[in-house]
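Report on the following structure.
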Amino acid sequence: MTAAIWLLKTEPDQFSILDLADRGDTGERWNGIRNYQARNFLRTMQVGDVALIYHSACAVPAIVGSAWVISAPYDDVDAIDPASPYFDVKSSASNLRWSAIDIQFSQRWAQPVTLAQLKAAVELSDMLVLRQARLSISPVLPAQYSAILALAQQNEKQSTFTTPTV
DNA sequence: GCCAACGTTGGC
DNA sequence: GCCAACGTTGGC
């Protein structure tokens, strides 16, 4: 059984790929998802799946690296913690509406693949996040993943030849 | 900071 | 179950 690929959005002002790298082997709890479609995707995640990390609401929205899923989905207990910003009045211990997973840093891409590049790639026209801009967790098909990795490689090559050393 | 897209809420 | 009002997301 092959690992699935996911795209996880985060606002770098809140939590960036560098913050994830700092967590090291401990990883980070991906919680606070409060959208049913995203939650339903999250609930199908498995240990060993790949998570592409996307920076949103920033100067250059882009996929900036990747992570591993290191836990099965579990209850997002912040939903029943009144002190949490993710508190949800409609959740209770016996009826917890939301889930979380843990992820661990894998790599930071030297040259992020920008939203503009994703939009420009014909192979990615069906990528769910491009069709539903507000979805914070979305699946990435194997062929789409390949296309994204190709863009990342292409970016790296170009930077090797064109980046002047100042 | 603006605004389009879109999910959620709640009255009826 | 419809739909208007409202809130949030996120690119630009």
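Everything quoted here is computed from the prediction, not taken from an experiment. We name chains A, B, ... by the order of the sequence lines, and we start the count at 1 in each one.
A:Arg34 meets the salt bridge (charged side-chain N to carboxylate O under 4.0 Å, His left out) test with A:Asp76; sequence neighbours excluded. For A:Asp19, there are no salt bridge (charged side-chain N to carboxylate O under 4.0 Å, His left out) partners, not counting sequence neighbours. Taking A:Thr44 as the reference, A:Trp6 meet the side-chain contact (heavy atoms from CB on, under 4.5 Å) condition, with sequence neighbours excluded. Applying the side-chain contact (heavy atoms from CB on, under 4.5 Å) test to A:Ser71 and every residue at least two apart in sequence or in another chain returns A:Tyr74, A:Ile101, A:Asp102. The salt bridge (charged side-chain N to carboxylate O under 4.0 Å, His left out) check on A:Arg29 picks up nothing, with sequence neighbours excluded. Taking the salt bridge (charged side-chain N to carboxylate O under 4.0 Å, His left out) definition, one finds that A:Asp49 meets it with nothing, sequence neighbours left out. A:Asn40 pairs by the side-chain contact (heavy atoms from CB on, under 4.5 Å) definition with nothing, not counting sequence neighbours.
A heavy atom lying under 4.0 Å from DNA chain C marks none of the residues of residues 85-94 of chain A. Across residues 74-82 of chain A, not one residue has a non-hydrogen atom less than 4.0 Å from an atom of DNA chain B.
Here side-chain hydrogen bond (donor to acceptor under 3.5 Å, both in side chains) pairs that include residues 50-65 of chain A, with residues two or more places apart or in two chains, number zero. Counting only residues at least two apart or in different chains, ring-ring contact (aromatic ring centres under 6.0 Å, His included) contacts with residues 92-121 of chain A comprise A:Tyr36-A:Trp98.
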Exercise. Spell out protein contact along nucleotides 2-12 of chain C as letters: B when the base is contacted, S when just the sugar-phosphate is, - when no protein heavy atom is under 4.0 Å; keep the 5' to 3' order.
Key: -----BBBSSS
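When the side chains of ILVMFWY residues are joined at heavy-atom separations under 4.5 Å, either directly or via intervening members, A:Val69 and A:Leu52 end up in two distinct hydrophobic clusters.
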